[in-house]
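In what follows, a single structure is set out as structure tokens and then discussed.
These numbers come from a predicted model, not from an experiment.
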Amino acid sequence: MARLRYSRAGAEAEATRRAEAFVAARSDRDRFRFRGTFPDTAVRLSRASKHPVVWVATFQLVPANGDVIDGGELLVSVDLETGRVGYHGYPEHGPG
């Protein structure tokens, strides 16, 4: 198993970059605004790094034409160890 060479801030920045690229590939990408990235606490720490390797990026849905939406978040999981990126909470689409 190779060691990941990220500082905690570097891991968060890389997870954010990959999540933003994932959302940018969506046809409705203009409707989402990045809110933040945090470690996925439901995933055990990896021996490949002393910092979290699985992160969750949150994007807020921006309503069109003054519409009001309750909730409206898109959660993207990024696993820096495996390279998988997908919708958080859907194992067939990615980590988390």
Side-chain angles (χ1 to χ4, degrees):
M1 172 182 353
R3 298 268 313 151
L4 295 176
R5 303 264 184 222
Y6 293 108
S7 65
R8 184 178 175 95
E12 181 178 351
E14 180 62 16
T16 299
R17 185 190 68 75
R18 292 183 190 189
E20 287 177 329
F22 180 80
V23 172
R26 293 175 52 107
S27 62
D28 60 352
R29 64 188 161 269
D30 296 337
R31 298 194 62 204
F32 291 95
R33 179 182 313 133
F34 174 71
R35 301 295 293 167
T37 304
F38 56 91
D40 188 342
T41 58
V43 178
R44 294 177 57 174
L45 291 177
S46 170
R47 294 186 331 192
S49 175
K50 64 181 178 180
H51 303 295
V53 297
V54 180
W55 294 77
V56 178
T58 305
F59 296 83
Q60 180 180 9
L61 182 60
V62 179
N65 302 323
D67 293 342
V68 176
I69 298 175
D70 186 23
E73 287 185 327
L74 175 65
L75 302 177
V76 177
S77 290
V78 178
D79 186 328
L80 297 175
E81 187 173 17
T82 65
R84 292 178 62 190
V85 179
Y87 300 108
H88 182 69
Y90 294 89
E92 65 275 14
H93 297 294

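- The environment of R29 atom CZ is dense: over 12 non-hydrogen atoms of other residues, nucleotides or ligands sit within 6.0 angstrom.
- V76 has its side chain out of reach of W55: every pair of non-hydrogen atoms, C-beta onward, lies at least 4.5 Å apart.
- Here the side chains of L75 and Y87 are not in contact, with every heavy-atom distance at 4.5 Å or above.
- For the pair E14 and R17, the salt-bridge criterion is met [side-chain N within less than 4.0 Å of a carboxylate O].
- Note: Q60 CD to F32 CZ = 10.5 Å, rounded to the nearest 0.5 Å.
- The closest side-chain heavy-atom distance from F34 to V23 is not below 4.5 Å.
- V54 and F22 fall within the same hydrophobic cluster, defined by Ile, Leu, Val, Met, Phe, Trp and Tyr side-chain heavy atoms under 4.5 Å apart, directly or through other members.
- Taking every heavy atom of both residues into account, H51 and Y6 meet most closely at CD2-O, 3.2 Å.
- Taking all atoms of both residues into account, the shortest heavy-atom contact from S49 to V53 is CB-CG1, 3.7 Å.
- Judged purely by atom type and a 3.5 angstrom limit, D28 has no side-chain atom pairing as donor or acceptor with the backbone of R31.
- Side-chain contact between L80 and R18: present, with at least one pair of heavy atoms (C-beta onward) separated by less than 4.5 Å.
- Of all heavy-atom pairs between P52 and L45, the closest is CA-CD2, 3.9 Å.
- Here the closest non-hydrogen pair linking A15 and T37 is CB-CG2, 4.2 Å.
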